[in-house]
2 protein chains.
Amino acid sequence: MTTPRSSPPVASAAATINDVAKQAGVSIKTVSRVMNNEPGVRPDTRAKVLQVMTALRYRPSQSARSLAGARSFLIGLLYFDPSAAFVSRVQQGATMRCREAGYHLVVESMDNDAHDLGEQVHRMVSTLRPDGMILTPPLCDNPHVLKALHDSGTPTVLVSPARQRKDMPSVRMDDVHAAEEITNLLIGLGHRRIAFIRGAADQAASALREQGFVKAMKAARVEIAPELVIDGDFRFEAGVAATHQLLKLRHRPTAVFASNDDMALGVLAAAQRQGLAIPGDLAIVGFDDSPASSLVWPPLTTMRQPTMAMARTAVDLLIGTPTVEGTPGTRTSSAMQRVLAHELVVRDSTAAPTRPARRAPHA
Amino acid sequence: MTTPRSSPPVASAAATINDVAKQAGVSIKTVSRVMNNEPGVRPDTRAKVLQVMTALRYRPSQSARSLAGARSFLIGLLYFDPSAAFVSRVQQGATMRCREAGYHLVVESMDNDAHDLGEQVHRMVSTLRPDGMILTPPLCDNPHVLKALHDSGTPTVLVSPARQRKDMPSVRMDDVHAAEEITNLLIGLGHRRIAFIRGAADQAASALREQGFVKAMKAARVEIAPELVIDGDFRFEAGVAATHQLLKLRHRPTAVFASNDDMALGVLAAAQRQGLAIPGDLAIVGFDDSPASSLVWPPLTTMRQPTMAMARTAVDLLIGTPTVEGTPGTRTSSAMQRVLAHELVVRDSTAAPTRPARRAPHA
DNA sequence: CTGAAAGCGCTTACAG
DNA sequence: CTGAAAGCGCTTACAG
């Protein structure tokens, strides 16, 4: 044996529903009623049972409940790589909410490109019978995954899906609105030549963030110079490349809005390397509030996604808990589509332009 | 109903062991033998059963197996905040290995300072009855957690514990040796005035990394100037503060070894802000290979922990799989204490000193 | 090499 | 308000 099991067991066998029933002088059915908070038990009977449960440190067996009943008290979280930071926060929110509600979170990392993805999902669902599944991008838009889940009848909620589906609830933030807000910060500071670096073309957030940028610029009647809108892919290197391109321009931008923090970090690094002072010579904003965004100098102004709150809400949707009232900024476009509030995080990478806008920099 | 379950179920009820037995014309015991790979089944009988299982898409129920038998096919992973990146990688390694072995990973985030931590752990273990538990720092050194697990007789493996215990297997890297190696890189480059920034005093890795630094310096007969060894706490700000202190010195260091990447990032930011060229004026090395370490310019030279491999090994230890032979660098100090190989990652924050060492910088 | 019986710890569907 | 019986889908301990 390679495990501590071989050391002398200190605990006696765990108490079962039978032990509790015997001690409390009732039937197991009554014990069952008490632990499931069912009505129809006399208060003093309930109290007695509860007391015995505590004394015996009784914990119902997940397996037995699951096998006999309709619930497994298991929630599944499926993810594929994306940013470790994102998944990590989704998971933390989900695991906390699960514990509060007496559920447990089973986490499975999947390969979005696996040929047998549908089969993998089917296997997980049919052996574990989770009471619900939470999907994060890009899996929440993968047709094989969605089909397997739909076919098995497993309740599923999508976190930040590219496309909403009427048959599956979703939780997301408002990318368009958030991008508008952070653009307005720049405009309000006095910037007029603002560059925009796009996200990866295959990710839904990219188009939404660009829409928000465009909307804010138009509303403020600020011209969007075509040479200041550059393709990116959410990676650091794309930010570096975009910056090289932007700084070659005769008419340079005074501010850059990168569609995520990793690219904003690339802009910061490349600009500083060319001797620009940030934010004086160039203001920079990112998106995500990734851990790295505050591990540089100056720390990045960015947009915080309500990641943990989205995860908690996802769990609530699955287990039927009414969403905590008073959750700030929660909107409901339909019964099942939740939009949570984002938060602008202003740090030190933004300031008013020091050179007058619309003037070419001295060569 | 708030879930897709209300939509017409597409799948018919899942096949059970009885369905398979009937179709294959054998008893359920034989089906059980086949799915558990037990000996004593005629090859053609086994083939027939296997074929029916496939045809019926049979998946054994985790609950039923767990309730009837001694195994739950569940592995628990307990963590408390630490770096999201670290936990995220541990988890990814664990979940992959679990899937390969037919297990599932249940992740629980705990509050290391909760007053009822032991109780929380006890509850999880007694309701889920996982076949094993994996603990990461700081939980793997928390006496309440360890006691609850020991008392319940749950096999447990510690990942990177501060103190090894003879009753629990552990998996870790060799911090001392790794720190020696990265110090030697600096020495080999020609640095003689090397600063060292300590990690948090309450974390085991801190002392080990300092030991490695000292060992390498002594072996190379390079003096360790007391004013170049500075307290830190693993956070970005500590790196910034240490740098301010170091750059005030009449006799500045030509290189800095920060005990982790976050602090190294602080050194980088502060040094650049004061106009130093990295690595020319100051070489910098970190430790961890965190995601942010390559999201700055210049990207950091650092030490990669074999995090995923540690997690996979932890699972193997729990389920009794022999560790894959040929795993590079695996050492075994006792039957249960595994030490995995680290990897030096040389990037652009290191180079030979441009100013001659041991000379004060021109003021 | 194969199987019949009992039982794991709960919930379901009824009965009173 | 309470309980006796059956059964969920497997494994265990035997028997042959």
Task: Side-chain donor-acceptor pair present, B/Gln337, B/Ser170, cut-off under 3.5 Å - done: yes
Task: A/Val159 vs A/Ile134 side-chain heavy atoms within contact, under 4.5 Å - done: yes
Open item on the list: Within this structure, what is the CG-CE distance for the pair B/Leu135 and B/Met110, rounded to the nearest 0.5 Å?
Closed with: 10.0 Å
Open item on the list: With a 3.5 Å cut-off and heavy atoms only, can you find an N or O donor on one side and an acceptor on the other between the side chain of B/Arg33 and the base of C/dT2?
Closed with: yes
Task: Minimum side-chain heavy-atom gap B/Leu146-B/Met168 below 4.5 Å - done: yes
- [ ] Nearest-nucleotide wise, let me know which of B/Gly69 and B/Arg46 is further upstream toward the 5' end of DNA chain C.
- [x] B/Arg46
Task: Closest to side chain of B/Ala68, choosing from C/dG3, C/dG9, C/dG7 - done: C/dG7
- [ ] Starting from P on C/dA13, measure out to CD on A/Glu38 and report it in whole angstrom.
- [x] 12 Å
- [ ] Name the closest nucleotide to the A/Val41 side chain, picking from C/dG3, D/dT2, C/dC10.
- [x] D/dT2
Open item on the list: Does A/Asn36 reach a base, just sugar-phosphate, or nothing at all? Heavy atoms under 4.0 Å.
Closed with: sugar-phosphate
Task: OP1 or OP2 of C/dT11 under 4.0 Å from side-chain N/O of A/Ser32 - done: yes
TODO: Taking only the side-chain nitrogens and oxygens of A/Ser27, find out if one of them lies under 4.0 Å from OP1 or OP2 of D/dG3.
DONE: yes
- [ ] Just call it for A/Pro60: base, sugar-phosphate, or nothing, with non-hydrogen atoms closer than 4.0 Å on any strand.
- [x] sugar-phosphate
Open item on the list: Please report the distance, rounded to the nearest Å, between CZ in B/Arg59 and C1' in D/dC10.
Closed with: 17 Å
Open item on the list: Let's test this: given Watson-Crick or G-U wobble pairing with both distances under 3.5 Å, identify the partner of D/dG16.
Closed with: C/dC1
TODO: Side chain of A/Ala64 only, please: which of C/dG9, C/dT2, D/dC10 is the nearest?
DONE: C/dG9
Task: Gap between atoms NZ and C1', on A/Lys22 and D/dG3 respectively (whole Å) - done: 16 Å
Task: Rounded distance in Å - CD (B/Gln62) to P (D/dC8) - done: 18 Å
Open item on the list: From NZ of B/Lys29 over to C1' of D/dC10, roughly how many Å is that when rounded to an integer?
Closed with: 10 Å
- [ ] Mind checking B/Thr45 for me? I need base, sugar-phosphate or nothing, with any heavy atom below 4.0 Å counting as a touch.
- [x] sugar-phosphate
Open item on the list: How many whole angstroms separate atom CZ of B/Arg65 from atom C1' of D/dG9?
Closed with: 11 Å
- [ ] For B/Leu67 and C/dT11, give me the distance from atom CG to atom C1', rounded to whole Å.
- [x] 12 Å
- [ ] Send over the distance from B/Asn18 CG to D/dC8 P, rounded to a whole Å.
- [x] 8 Å
Task: Taking every non-hydrogen atom, the tightest pair across B/Asp19 and B/Thr16 - done: OD2-N, 2.7 Å
